[in-house]
Amino acid sequence: MLAIDLADPQTFVDNDLTDYWRRLRADFPAYWHPPNGEHPGFWVISRYADVMAVFRDNQNLTSEKGNVLVTLLAGGDSASGQMLPVTDGPRHRDLRNVMLKAFSPRALNRVRKSVRTNTRAVVADFVRGGEGDFAQEVASVIPNITISALLGVPDEDRPDLMSWTKSALSSDEADQSPADAWLARNEILGYFSDLVERKRKEPTDDVISALARAELRGEGISDTDLVFNCYSLIIGGDETSRLAMVDAVWTLSRHPEQWRLLREGRVSLDSATEEVLRWSTPAMNFGRTALDDVEVAGQLVRADEIVTVWNISANRDESVFAEPHTFDLARSPNKHLTFGYGPHFCLGAFLGRVEVREVLDALRTFSTGFAPTAEPRPLHSNFMRGIAHLPVRFEPDEAGLAAGDGR
Ligand code: HEM
């Protein structure tokens, strides 16, 4: 059973790994995943408490050599020390504090309103249309709206940004060309260079303008670092929230009794949102590199070895979650690790929650029910987990649609 290759994206398409994770949690809490011809070996940490401990310890376990399998196995991350997720130490703390200030309650409130209005409009249109691909037509539009509102991207630039983001980041298709992805990444970086220049001249109430004004130990943030960190917000917030929203529709279609509870208002939107986030766990794993010899999950890890933590397993840990394999919108407490933990805890957690919550609210307002019209197509990735295409038919709630989709 341990002949599973966790570095191979196809593993996650071909296998149900429920028993595999149960076995690792029970018997191999620190499992040495062997190298193969193409990649080095790495530690696999699967229990909730151990995953948390790794997330917490950025003294011994650094993100600077990469925080996802692809870059860790390739030997490093080119944005190290510049992009927040792959920066550690005092620079991480300073940059994170500046970014946190840029996410002011006023800015977040503006973004929240934009997400609500737009989500309601997009979902209402989709439901009126009767059927389509929820992943492509709804769920991929909402993160773009969120990031654009957060960064202050003008409305007219949003379609371009959306198409570049899709090509640069999407792991939907197994045969995606690396050259197209590279070109799209350059378009994004070029676009943000121009936008940063514009915002330096004419600041508004958005994250780029706030970062452009900010100082790190007496020095302004360079244009390059600013652009990199705009990009890191897109990377962090695009596919993750999209996958959570798509998973919500798929899972609710498989659990009609939970859908009824939601629709009839018998569970709160807040607890439903948390369960959707736990259940979907869009980012399956993260990784670190040991700076020194260090004990992890009772195991001696040597300096320079790669340690991966599997949120997908931690979120099903039976010692923390009662009946972890039951989808229960009323689950409480629900301290999932979907957004990570500790010094790198997701900067966009508030917005990720807002997106999922608004989709759930729009679904229950505008539709009486829905059903997939074909098998969903899974994503091809060793990092992200979820559904790339979800053809679905919606039954409209005419009264809900008439009452309010923000028009
Ligand atoms: C960090 C998950 C939405 C921006 C993280 C981490 C996780 C995560 C697990 C920790 C990574 C690590 O420890 O190495 C998610 C999920 C989301 C989501 C599941 C949606 C459901 C967002 C959004 C944004 C965002 C909407 C931006 C607006 C970031 C950034 C970091 C981060 C910048 C790095 C923080 C740091 O290193 O200090 N995210 N995220 N995320 N996320 Fe998210």
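Start at 1 with the first residue, then count along the sequence.
- Looking only at side-chain heavy atoms (C-beta outward), R56 and Y341 come within less than 4.5 Å of each other.
- Under the salt bridge (Lys or Arg N to Asp or Glu O under 4.0 Å) criterion, no residue pair touches residues 245-256, with sequence neighbours excluded.
- Applying the salt bridge (Lys or Arg N to Asp or Glu O under 4.0 Å) test to residues at least two apart or on different chains, the pairs with a partner in residues 311-329 are R25-E318.
- Side chain of K199 to main chain of V207: no donor-acceptor pair is present (N/O by atom type, distance under 3.5 Å, no hydrogens or angles).
- Formation of a donor-acceptor pair under 3.5 Å by the S148 side chain with backbone atoms of N144 is found in this model.
- A pairwise comparison of heavy atoms in Q82 and L95 identifies O-CD2, 3.6 Å as the closest pair.
- Distance alone, capped at 3.5 Å, places no donor-acceptor pair between the N229 side chain and the S232 backbone.
- Looking only at side-chain heavy atoms (C-beta outward), V307 and T289 stay at 4.5 Å or farther from each other.
- Among residues at least two apart or in separate chains, salt bridge (Lys or Arg N to Asp or Glu O under 4.0 Å) pairs with a member in residues 270-289 are D270-R357, E274-R353, E275-R278, E275-R331.
- For the side-chain contact (heavy atoms from CB on, under 4.5 Å) test with T308, the passing option among L69, V51, V68 is L69; the others fail.
- Taking 4.5 Å as the limit, some side-chain heavy atom of H380 sits within range of a side-chain heavy atom of V13.
- Crowding of E202 atom CD: a count of heavy atoms from other residues, nucleotides or ligands under 6.0 Å not exceeding 12.
- Separating the OG1 atom in T119 from the CD1 atom in I145 is a distance of 6.0 Å, to the nearest 0.5 Å.
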Could you walk me through whether S280 and M245 satisfy the side chain to side chain contact (heavy atoms under 4.5 Å, CB included) test, starting with their C-alpha distance in whole Å, then the side-chain angles of each, then the deciding distance to 0.1 Å, before giving a yes or no?
CA-CA 9 Å; S280 58; M245 293 180 248; over 6 Å; no

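- Within the 4.5 Å cutoff, the side chain of L151 has heavy atoms near those of the F192 side chain.
- Using modelled atom types, one side-chain atom of T11 and one backbone atom of D5 make a donor-acceptor pair closer than 3.5 Å.
- Sequence neighbours left out, the pairs with a member in residues 62-71 that pass salt bridge (Lys or Arg N to Asp or Glu O under 4.0 Å) are K65-D304.
- In this structure, the ring of W259 has its center less than 6.0 angstrom from the ring center of F370.
- W310 pairs in a ring-ring contact (aromatic ring centres under 6.0 Å, His included) with only one of the listed residues (Y20, F42, W21), which is W21.
- With sequence neighbours left out, T281 forms a side chain to side chain donor-acceptor pair (under 3.5 Å) with N315.
- Distance check, rounded to the nearest 0.5 Å: CG of D160 to OG1 of T165 gives 10.0 Å.
- Distance check: T117 OG1 to R112 CZ gives 10.5 Å after rounding to the nearest 0.5 Å.
- Annotation: side chain to side chain donor-acceptor pair (under 3.5 Å) contacts involving residues 92-105, sequence neighbours excluded, comprise H92-H344, D94-R217.
- In this view, H255 and F327 satisfy the ring pair (Phe, Tyr, Trp, His ring centres under 6.0 Å) rule, not counting sequence neighbours.
- Remark: side-chain polar atoms of N285 are not paired, donor with acceptor, to backbone N or O of V309 under 3.5 angstrom.
- The environment of CH2 in W182 is sparse: at most 12 heavy-atom neighbours from other residues, nucleotides or ligands sit within 6.0 Å.
- Side-chain contact between I235 and M83: present, with at least one pair of heavy atoms (C-beta onward) separated by less than 4.5 Å.
- Contact of the K201 side chain with the E197 side chain is registered, since non-hydrogen atoms from C-beta on lie closer than 4.5 Å.
- At a threshold of 4.5 Å between non-hydrogen side-chain atoms, the residues L73 and I306 count as touching.
- Evaluation of the ring-ring contact (aromatic ring centres under 6.0 Å, His included) test over residues 121-160, restricted to residues two or more places apart or in two chains, returns F126-F134, F126-F394.
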Run the side chain to side chain contact (heavy atoms under 4.5 Å, CB included) test on V392 and T373 for me, step by step, so that the C-alpha distance in whole Å, both residues' side-chain angles and the decisive distance to 0.1 Å come before the verdict.
CA-CA 5 Å; V392 59; T373 52; 5.7 Å; no

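- A donor-acceptor pair under 3.5 Å is absent between the side-chain atoms of T251 and the main chain of A248, judged by distance alone.
- Side-chain N/O atoms of D206 and S209 include a donor and acceptor closer than 3.5 Å.
- In terms of the salt bridge (Lys or Arg N to Asp or Glu O under 4.0 Å) criterion, residue partners of D225 (sequence neighbours excluded) are, by chain and number, R91.
- Counting only heavy atoms from C-beta outward, the side chains of L195 and I208 approach each other to under 4.5 Å.
- Under the 3.5 Å distance criterion, the side-chain polar atoms of D77 are left unmatched by any main-chain donor or acceptor of N67.
- Between F55 and F286, the ring-plane angle classifies as tilted under the 30° and 60° cut-offs.
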Applying salt bridge (Lys or Arg N to Asp or Glu O under 4.0 Å) to D397 and R263, what does each step give before you reach the verdict?
CA-CA 11 Å; D397 179 328; R263 192 163 147 70; 2.9 Å; yes

Begin with the C-alpha distance, continue with both residues' side-chain angles, and end with the deciding distance and a verdict on side chain to side chain contact (heavy atoms under 4.5 Å, CB included) for L61 and L291.
CA-CA 6 Å; L61 296 160; L291 286 171; over 6 Å; no

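- Separating the CG atom in N186 from the OG atom in S193 is a distance of 10.0 Å, to the nearest 0.5 Å.
- Annotation: side chain to side chain donor-acceptor pair (under 3.5 Å) contacts involving residues 41-53, sequence neighbours excluded, comprise W43-E305.
- In this structure S241 satisfies the side chain to side chain donor-acceptor pair (under 3.5 Å) test together with E355, sequence neighbours excluded.
- Applying the side chain to side chain donor-acceptor pair (under 3.5 Å) criterion to D238, with sequence neighbours excluded, gives no partner residue.
- Counting only distance, with no hydrogens or angles, the side chain of H33 and the backbone of L6 share a donor-acceptor pair below 3.5 Å.
- A donor-acceptor pair shorter than 3.5 Å can be found between the side chains of T62 and D88.
- Without hydrogens or angle criteria, N382 side chain to A7 main chain gives a donor-acceptor distance under 3.5 Å.
- The number of heavy-atom neighbours closer than 6.0 Å to CD of E257, taken from other residues, nucleotides and ligands shown, is above 12.
- Between the CG atom of N118 and the CZ atom of R158 there is a distance of 6.5 Å, given to the nearest 0.5 Å.
- A distance-only check finds a donor-acceptor pair linking the side chain of R200 to the backbone of A212 [under 3.5 Å].
- Aromatic ring pairs are classed by plane angle as parallel below 30°, tilted from 30° to 60° and perpendicular above 60°; the pair Y31 and F28 is perpendicular.
- The two atoms that bring T365 and D361 nearest to each other are OG1-O, 2.6 Å, heavy atoms only.
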